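Following: one structure in structure tokens, then a few remarks.
Keep in mind that this is a model prediction, so the values were computed, not measured. Side chains included, hydrogens not; waters and symmetry mates left out as well; all remaining heavy atoms used.
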Amino acid sequence: MRTEETTYKVGTLTYTKMGLVSLFGWLLWGDFCFQLMESVNPAIAPLKLRELDAPNWAIALIMVTLPGILNMTVCPWVSFKSDRHRGPLGRRIPFILYTLPFLTTSLLLLGFSEQIGHALHGILPASWGLSASAVIIMCIGVFMVSFKFFDMFVNSVFWYLFNDVVPHNFLGRFLGLFRIVSNLESMLFNFFIFKYAETHMTEIYVGAALLYAVGMGLMCWKVKEGKYPEPTEEEKKQSGFIAQVKVYMVECYSQPYFWNLFLCTAFWAVAGTLGVFNVFLQKSIGLDLAQIGMIGGAVSFMNMLLTYPAGALGDRFHPLRVLVYVKLANLLLLPLSLIWLFFDFPPATAFYISICISAVNLPFAVLTEAMMLPMYMRVMPLERYGQFCSANALLRSVAAIVGSFLGGLFMDLMKHLYNGSDYAYRFIPLWSIIWSAIALFFLWRLYQDWKKLPVHD
């Protein structure tokens, strides 16, 4: 007798086992192409700008400030619109597919920015006094803004698509595979492509653009979204910009339940703001760059091995519940790194102690990374997931900006107290402990409120 095949549902979508495998395959393929494209700009553009003798303020403006402004303006608008969009292709895929030609063109223009800059320099009036390098830098700036503008559409909705098309009891495992693919792409890029960044910039950009166009185009064709409830009459009336901003602010920031989520995320961002100085902490205890690289490489490799089992654990026990206990354990382990405040070990001993501390912290770091995105997907309202994600990201960005300023003042104070010695960087774990403890307080409040809900996924 023929038994009925098991099916898996999310919204109006139904998958067989093979359908689920196909879905995962196309989403992961799209992720690989997307991540490779995303790796190119931050790795190569600064090198080209430095080669052109661009001042540091110009590099910061092009690579950090302007993209940051776009992130804080375009991303919330796209997220708000995407949640409410209804069309034959769904509510996420149109934002990826329709910006694909413009994003690909922007990448190609960046790849040929040097050639375009030289051509423009040849036809601009000499009285303007612009060097060829200055014109190329301006071309890179303009093309970068164009790229980041269209990239914000994809970066805003790509992550939301998973929550709409992947059955929720498989989200942890899927996102585990997702992180494995991302790590694999990073390894391939750094091992085989990055070494040609200074000599083959155009070819790398062209390759990334073509791969993205084909890869993401195929993903948009093969992955199907389900049907979503039509907007209410009240929502249809919210067509004006001011009305939409008011709705956005009221819906996202008027509920204490979500403020707990936003605040714990914001304080985690503050806790991590001094991470950029970790290499100086490691050098202050006697490690060289080769040893630092060995530890980082080993951590990345183990991360890739453990990330799928960690995702499965989140599916089994709910990512919010797991994250609470993981963050508590992580906070209890953070003081291990304060050992450098009290002891100076020989470099070889410091190297092995660093390995041991990394090994102890590794499982909890992997679990934290594995739980975070599934936790957002399970806690935030599905019908407004993009909107709430952008609201969370907006506050996180503000917290990171303020935290980086305060963290810089903290490090300057420590450097002053220790007469400019790099010993000051050994206080970085103390900074992380303080802000992580505050973040854990709000995470615990979120968990307690979540348990009180009449129905919680």
Side-chain angles (χ1 to χ4, degrees), residues 10-11 27 31 34 71-72 75-76 78-80 82-83 91-92 95 152 154-179 182 248 251-253 255-272 307 310-327 330 365-400 436 439-440 442-451 453 455-457:
V10 57
L27 288 175
D31 172 54
F34 174 70
N71 187 43
M72 295 179 67
C75 180
V78 170
S79 300
F80 184 90
S82 175
D83 282 344
R91 63 176 180 173
R92 312 299 187 192
F95 289 85
M152 286 297 164
V154 184
N155 251 313
S156 297
V157 305
F158 186 48
W159 322 100
Y160 310 158
L161 178 63
F162 308 151
N163 203 23
D164 286 342
V165 301
V166 176
H168 286 187
N169 55 321
F170 286 95
L171 272 175
R173 280 160 284 188
F174 168 75
L175 292 169
L177 294 171
F178 176 83
R179 280 181 291 273
S182 298
Y248 182 93
E251 289 186 355
C252 295
Y253 297 127
Q255 303 178 58
Y257 175 77
F258 291 111
W259 267 106
N260 288 324
L261 173 64
F262 298 155
L263 288 173
C264 74
T265 305
F267 284 115
W268 281 330
V270 176
T307 191
L313 187 68
D315 284 341
R316 175 67 178 83
F317 295 105
H318 197 286
L320 176 58
R321 182 179 290 111
V322 175
L323 188 62
V324 168
Y325 294 105
V326 167
K327 279 297 188 180
N330 185 65
V366 172
L367 282 166
T368 296
E369 186 179 358
M371 296 305 113
M372 198 67 72
L373 194 53
M375 184 268 288
Y376 292 152
M377 292 178 174
R378 302 280 284 273
V379 170
M380 294 179 181
L382 179 61
E383 68 279 3
R384 294 287 182 266
Y385 179 65
Q387 177 179 314
F388 277 82
C389 273
S390 69
N392 184 44
L394 185 61
L395 284 182
R396 185 175 64 238
S397 297
V398 173
S436 294
L440 180 61
F442 288 106
L443 180 66
W444 180 256
R445 288 188 57 176
L446 173 68
Y447 178 55
Q448 296 303 313
D449 288 348
W450 174 79
K451 290 198 300 182
L453 295 177
V455 177
H456 47 256
D457 178 21

Any residue meeting ring-ring contact (aromatic ring centres under 6.0 Å, His included) with Y385, in chain and number order, not counting sequence neighbours: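 Residues passing ring-ring contact (aromatic ring centres under 6.0 Å, His included) with Y385: Y160.
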ring-ring contact (aromatic ring centres under 6.0 Å, His included) against Y325, all qualifying residues, sequence neighbours excluded: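 Y325 satisfies ring-ring contact (aromatic ring centres under 6.0 Å, His included) with no other residue.
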Measure up the [X] and [Y] rings against each other and bin them: parallel (under 30°), tilted (30 to 60°), perpendicular (over 60°).
| X | Y | result |
| --- | --- | --- |
| W450 | Y447 | parallel |
| F178 | F158 | tilted |
| Y253 | F262 | perpendicular |

With rounding to the nearest 0.5 angstrom, report the [atom1] to [atom2] distance, [X] to [Y].
| X | Y | atom1 | atom2 | answer |
| --- | --- | --- | --- | --- |
| H318 | N169 | NE2 | CG | 12.0 Å |
| E369 | R179 | CD | CZ | 5.5 Å |
| R445 | W259 | CZ | CH2 | 12.5 Å |

Quick one: list whatever passes salt bridge (Lys or Arg N to Asp or Glu O under 4.0 Å) with R173, sequence neighbours left out.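 Result, salt bridge (Lys or Arg N to Asp or Glu O under 4.0 Å) vs R173: D315.
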Minimum heavy-atom separation for [X] to [Y], with atom names?
| X | Y | result |
| --- | --- | --- |
| R378 | P319 | NH1-CD, 3.7 Å |
| G386 | S79 | O-CB, 3.2 Å |
| V379 | F258 | O-CE2, 3.9 Å |
| M377 | W159 | CE-O, 3.5 Å |
| L161 | L27 | CD2-CD2, 4.0 Å |
| D164 | R92 | OD2-NE, 2.9 Å |

Step by step, would you call M375 with L261 a side chain to side chain contact (heavy atoms under 4.5 Å, CB included)? CA-CA 10 Å; M375 184 268 288; L261 173 64; 3.9 Å; yes
So, the side chain of H168 versus the backbone of P374: is there a donor-acceptor pair under 3.5 Å, distance only?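 Judged by distance alone, no pair lies under 3.5 Å.
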Measuring only between side-chain heavy atoms, which start at C-beta, is M380 closer than 4.5 Å to N163?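 Result no, sub-4.5 Å side-chain heavy-atom pair not found.
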Quick check: do L395 and T265 have side-chain heavy atoms less than 4.5 Å from each other?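 In short, these two side chains do not touch, never coming nearer than 4.5 Å.
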Before you tell me yes or no, could you show the steps for Y257 and L446 under side chain to side chain contact (heavy atoms under 4.5 Å, CB included), namely the whole-Å CA-CA distance, both residues' side-chain angles and the distance that decides it to 0.1 Å? CA-CA 6 Å; Y257 175 77; L446 173 68; 3.8 Å; yes
Apply side chain to side chain contact (heavy atoms under 4.5 Å, CB included) to the pair L443 and F267, showing each step before the final yes or no. CA-CA 10 Å; L443 180 66; F267 284 115; over 6 Å; no
Sub-6.0 Å ring centroid separation between F442 and W268: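 Not under 6.0 Å, so no.
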Which residues satisfy the side chain to side chain donor-acceptor pair (under 3.5 Å) test with [X], sequence neighbours excluded?
| X | answer |
| --- | --- |
| Y248 | S390 |
| R396 | none |
| D31 | Q35, S182 |

Could you walk me through whether N330 and L367 pass the side chain to side chain contact (heavy atoms under 4.5 Å, CB included) check? CA-CA 10 Å; N330 185 65; L367 282 166; over 6 Å; no
